[in-house]
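In what follows, a single structure is set out as structure tokens and then discussed.
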Amino acid sequence: MSTINKAAAPSANHCSRDLREWLTHLAATDRLAVAKPGLDLTHELAAVSDRLELDKALIAPSPSGHAVPVVANLLASRAWIGDCLGVSEDDLIARYQDAVQNPVPWVEVDAGPVQDVVHREVDINGQLPVPTHNELDSGPYISAGLMISRNPSNGIQNVSIHRCQISGKDRIGVLLLPRHTWTYARMAEEAGQALEVAIVIGIDPASLLASQAIVPMDFDEMEIVGALHGAPVEMVKCKTNNVRVPAKAEIVLEGRVLANVQEPEGPFGEFPQYYGRQANRHVIQVDAITHRKKPIFHTIVGGGMEHLLLGGLPREATLLETLQRNDPSVLDVHLSRGGTCRYHLVVKIRKKQEGQAKNIMMGAFAGHYDIKQVIVVDEDVNIHDPESVEWAVATRFQADQDLLVVANTQASKLDPTTTDDGVGAKMGIDATIPLAADDFTFTVIKVPGADDVDLNAVLDDPGAATAIISSDD
Ligand code: MN
């Protein structure tokens, strides 16, 4: 029997500010499964997490005999995300949007528990329990590390998540897709310099969510965390470089993205449910590892629900923001799970003008290169229900008029149908009712009173059927 300790639950509008606060809340609400000591870091830990993924978080002590425990599956549903931000599921997007619009700068502190232990002699797999998840992964990966880097020209920090292959005792192979960290690395490289970075492991879910915001370059995502927390994040300077990291994180790897060095990285199981293939990619030289006295290591199983949700919700919030700035008729957006919470966007609008849907599609394609398909629907469609969306396409869309295809665009390199350079097509589907349509044609059928029927009041005992069926006179 589990006991729910209501006293430990965050009050309304309280956001968990570090990993341990969130784990304590999960344990108090019977959502934290504890593994027997000694789960194997190779596949077994991911397998157990996979079985629990819609149900419970997992904490695994002594994985493969390692002193540091591993946690996985910190966010199992949108409702959990609401819970960790201290809002209802319905208010989630609005809360996140508000945080993006009203960022709270972090403050620097002199010391923090994340630097209680400092290893200048680095041995990543010896010092940290790094798991191997999917069948064909090249080996252990850090998958839940916030990568914090600094713009070499102005010092503004960027926060993002990149898959990090353990390539040696102090060496990491990293996939930098062409966004902000990649741009900073290229700026450093052009000056013949390495890019200072830190990989932060074991932080609160709000920090993970903020790292996935689609905001402009030189917008420090840690300021979104401050807004979500309702307090500035306390940051501490790394021991071996100038990057500032959350003082209450569990573990930090300090290092440098080397200039003009590329080494094999991959394969790695990714969110589209396929492997990112092996290729020569950026390399991080790790200079130090710092951590709490008894740190906890967080891992995200590649392609699992936590991976999809973390990418999906912040993208929804920031895409909605972008689209609404261009056109206030946009009411809501959804990145569907079948579309990997990245590629397929559904947009709900209050249509005012013909052609509007196509402008909105183009705004969404420009909002993030991952967006591959946009379906625009009217207000009466439930965009969170794939069946409702398909019905709109089936009955309000004609391909010769309502389809937009844009060839040879920048697309997701992890989509197996794009070229090696990440070039692919965009598709837009306008499933809105034509404004010129007469009122009757698109009147949705309705049985009067169906929503208000009280079955207990109108239904008889099932046994009464026998008498009705057997009488034939
Ligand atoms: Mn950024």
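Residue numbers count from 1 along this sequence. All ligand and atom numbering here is 1-based and tracks the order in the structure. Worth knowing before you read on, the calculation uses all heavy atoms, side chains too, and leaves out hydrogens, waters and symmetry mates.
With a cut-off of 2.8 Å, the Mn ion (ligand 1) has no N, O or S atom of S160 in range.
The atom name of the N/O/S atom in H180 closest to the Mn ion (ligand 1) is ND1. The closest approach of E221 to the Mn ion (ligand 1), by N/O/S atoms, is made by OE2.
Checked by atom type, the side-chain pair Q101/E321 shows a donor-acceptor distance below 3.5 Å.
The aromatic ring centres of F268 and Y275 sit 6.0 Å or more apart.
A salt bridge links K293 with D116: the closest approach of a Lys/Arg side-chain nitrogen to an acidic carboxylate oxygen falls below 4.0 angstrom.
A donor-acceptor pair is defined here as one N or O able to donate and one able to accept, closer than 3.5 Å; such a pair exists between the side chain of E221 and the backbone of V159.
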